[in-house]
Visitor: 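The structure follows.
As the structure lists them, so they are numbered: ligands from 1, and atoms in each ligand from 1.
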Amino acid sequence: MIELLDSVELEEIRDDFPLLAQRVHGKPLIYFDNAATSQKPRAVIEAMNDYYHRYNANVHRGIHALAERATREYELARAKVARFLNAETPDTIIFTRGTTESINLVAQTWGRANLKPGDEILLTWMEHHSNLVPWYQLAASTGALIRRIPLLPDGTLDLSQPFSERTKLVAVTHASNVLGTINPVRQIADAAHRIGAVVLVDGAQAAPHLAVDVPSLGCDFYALSGHKMLGPTGSGVLYGKRALLAAMPPFLGGGEMIREVRADGFTCNELPYKFEAGTPAIAEAIGLGVAVDYLAQVGLQKIRQHEQELTAYTLARMAEFPEIVVYGPADASARSGLVAFTMGDIHPHDMATFLDADGIAIRAGHHCAQPLHKHLGLTATSRASFYLYNTRSEVDAFIEALRKTKNFFGACPTSRQLGVFGTTPVTGAQP
Ligand code: 7TS
C-alpha cells in the first residue's frame, strides 16, 4: 500500500522545524535547497543543547558520571545509525564529518593498501567532486587508472558493457545530486563482485530520502552526511563490511585509535575506534542519532512517496514552459526529489537571485559536479531540491516565480534548441 503524508501530518512536521516559519525578503521562506543541506527539527537542536547544558564531557575516557553519560549517548547514536542502515553490527559504523571524509578515509586506507599500477577505479559521469577527487589523488599516488561508466541520454547509467577485469573498485553515487537518477546499486554491486571488485556507494543524496538497507544493496562501503538528513553539520558516517574494515590500516593517527603506544610504535584499537582518532564530534553524533529517529518515525517510505509526488508535480508544471530543460530521467519514480534545470539562456545565477527575491531558496551553479556539467555541454544549472516538509503550494509559488523570471528576461530556447522536456542533452563528449 502506498502511504502518503496527509495534510495534518505535513503541518505537524513543518511545526517541528523552527527555521521554516520565517519570512525572507518579506515573503514566506520556501526552502528548496535540501540537497545542499536540510533544515533541523527541534528535537535535534534540543538534543545538542541538552548535551552542552547537562552532560558535556569527553567520551571513552572519563570515569565520572558525565563522561559515562556522554559515552552512552554517543554509542547509542551509533547503534541507531546501524539500525537505520540495517548494518551488521554497530562497530561497522564509523562516525566521520560527512560523506567527503568517509570517502577520503576509504581512498587513503583501503585504496593505498590494495591498489597498484594499472588497476582500475570505475566511476560514473554523475559523481560529486567528493567521489572524484579522492580517487584522482589515489590514482596519482598508486598508478591506478580512472574509468567511467557511460551515461545514457535519459540520464541513467549504461551498464551494458562488462566491467574490466582490472577494475578493483567501483565508486558510484546512490542518487545523483544533479540528475536525480537513482542508480541500481544492487546490480552494480553484483557485477563488481563477480570480478572481485569492491563497491563504495556515495549515499549523500540517498540516505536522507530512501530506505537504505546496506545488506540488500550488497555494497562494501556506504558513505553519508548527517547534515543532509536532518542532522547537524560535522556529522557523517562510513559503513563498511566488517572484514574489510578490520583489514584496513587506520586513517588518522592520534588518541582513541590506538590500543597501545610504545616508544617504537603502536597497535591499533578495535573497530570502530581504529578509525575515530581524537575527540569525535560528540554533540553532532548524538544529534544525528535523534535525526535518524525522526526520519524512522515519519517513515522513509512515506518520505520517499511525498518527495516523488512533489517531483512529479514539479515536472508536470515545468512542462508548461517550452524554454525549460530538465536534466535526468523524465519519470519521477526513477529519480530522487530534486530537479536541475535550465530556462533558455537565463543564467542559473540570475534565476537563483530572482527566486531569492521571492523568498525561494534554490541552488545554482555546477553543484560540485563539474565533469557532469561539462559532459552535458553546460556550465551551470538551477536546482530545486525537496524534503519531507515541502508542499505542493510551495511548488506552485516556485512555478509562479519561474514565470515572473521568464517574463523579466524574455527567455527563449537556447541556441542549441534543447527545449525537449525531460531529455538529457548528452552531447559530444565521450566517456
Ligand atoms: N556526494 C554527493 C552526491 C553530494 O551531493 C554531496 C554534497 C557530497 C557527496 C558531499 O557531501 P559533504 O556533506 O561531505 O559536503 N552535495 C551538495 C550539493 O549538491 N549542494 O551542496 C552540497
Visitor: Just how far is it from atom NE2 of H367 to atom NE2 of H373, taken to the nearest 0.5 Å?
Guide: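 Going from NE2 on H367 over to NE2 on H373, the span is 4.5 Å.
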
Visitor: With a cutoff of 4.0 Å, is C368 in contact with ligand 1, counting heavy atoms of the residue only?
Guide: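 Outside the 4.0 Å threshold, so no.
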
Visitor: Any N or O on S225 sitting closer than 3.5 Å to an N or O of ligand 1?
Guide: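 Looking only at distances, the answer is yes, because the N/O contact criterion of under 3.5 Å is met.
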
Visitor: Salt bridge or not between E276 and R78? Use side-chain N to carboxylate O under 4.0 Å.
Guide: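 Salt bridge present between E276 and R78.
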
Visitor: Measuring from atom CD of E88 to atom CD1 of I93, what distance do you get when rounded to the nearest 0.5 angstrom?
Guide: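 Rounded to the nearest 0.5 Å, the CD-CD1 separation comes out at 9.0 Å.
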
Visitor: Counting only heavy atoms, tell me which of H227, H128, Q205 gets closest to atom 6 (C) of ligand 1.
Guide: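 Of the listed residues, H128 has the closest heavy atom.
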
Visitor: Does ligand 1 have a heavy atom under 4.0 Å from the side chain of T100, from its backbone, from both, or from neither?
Guide: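 T100 to ligand 1: contacts from backbone and side chain alike.
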
Visitor: Tell me whether the count of non-hydrogen atoms from other residues, nucleotides or ligands lying under 6.0 Å of CD in Q297 goes above 12.
Guide: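 Count not over threshold, so no.
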
Visitor: Is R97 in contact with ligand 1, taking contact as a heavy-atom separation below 4.0 Å?
Guide: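 Heavy atoms of R97 never come under 4.0 Å of ligand 1.
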
Visitor: May I ask you to identify the nearest protein heavy atom to atom 10 (C) of ligand 1, giving residue, atom name and distance to one decimal place in Å?
Guide: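 Answer, as residue, atom name and distance: S130 OG, 3.4 Å.
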
Visitor: Got L169 and L138 here, is their nearest side-chain heavy-atom distance under 4.5 Å?
Guide: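 SC-SC contact between L169 and L138 ruled out.
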
Visitor: For Q137, look at atom CD and say whether over 12 heavy atoms of other residues, nucleotides or ligands are found less than 6.0 Å away.
Guide: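 Counting other residues, nucleotides and ligands, CD of Q137 exceeds 12 neighbours.
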
Visitor: Using heavy-atom distances only, which candidate in H367, K228, E101 approaches atom 17 (C) of ligand 1 most closely?
Guide: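 That would be K228.
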
Visitor: Considering only non-hydrogen protein atoms, determine which one is nearest to atom 21 (O) of ligand 1 and report residue, atom name and distance to 0.1 Å.
Guide: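 Looking at atom 21 (O) of ligand 1, the protein heavy atom closest to it is R363 NH1, 2.8 Å.
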
Visitor: Kindly compute the distance separating CG (L310) from CD (Q305), expressed to the nearest 0.5 Å.
Guide: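 One gets 11.0 Å once the value is rounded to the nearest 0.5 Å.
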
Visitor: Quick test of your reading of the model: are D331 and R335 salt-bridged, counting only N-O distances below 4.0 Å?
Guide: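 R335 and D331: not salt-bridged.
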
Visitor: What do you reckon, does E127 put a non-hydrogen atom under 4.0 Å from ligand 1?
Guide: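 Heavy atoms of E127 never come under 4.0 Å of ligand 1.
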
Visitor: Is A36 touching ligand 1 with its side chain, its backbone, both, or neither, if touching means heavy atoms under 4.0 Å apart?
Guide: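 Both backbone and side chain.
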
Visitor: What residue and heavy atom of the protein are closest to atom 19 (O) of ligand 1, and at what distance?
Guide: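 Here the nearest protein heavy atom works out to R383 NH1, 2.6 Å.
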
Visitor: Nearest heavy atom to atom 1 (N) of ligand 1 wins, so pick from L224, T96, D202, T37.
Guide: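 Ranked by closest heavy atom to atom 1 (N) of ligand 1, first place is D202.
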
Visitor: Heavy-atom contacts with T99 under 4.0 Å: which atoms of ligand 1 show up? List them by number with element.
Guide: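 Ligand 1 atoms under the 4.0 Å threshold to T99: 9 (C), 11 (O), 14 (O).
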
Visitor: Per the side chain to side chain contact (heavy atoms under 4.5 Å, CB included) rule, which among I121, D220, N131 passes with L200?
Guide: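 Of I121, D220, N131, side chain to side chain contact (heavy atoms under 4.5 Å, CB included) with L200 is met by N131 alone.
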
Visitor: If the contact criterion is a heavy-atom separation under 4.0 Å, does T173 count as touching ligand 1?
Guide: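 Under 4.0 Å: yes for T173.
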
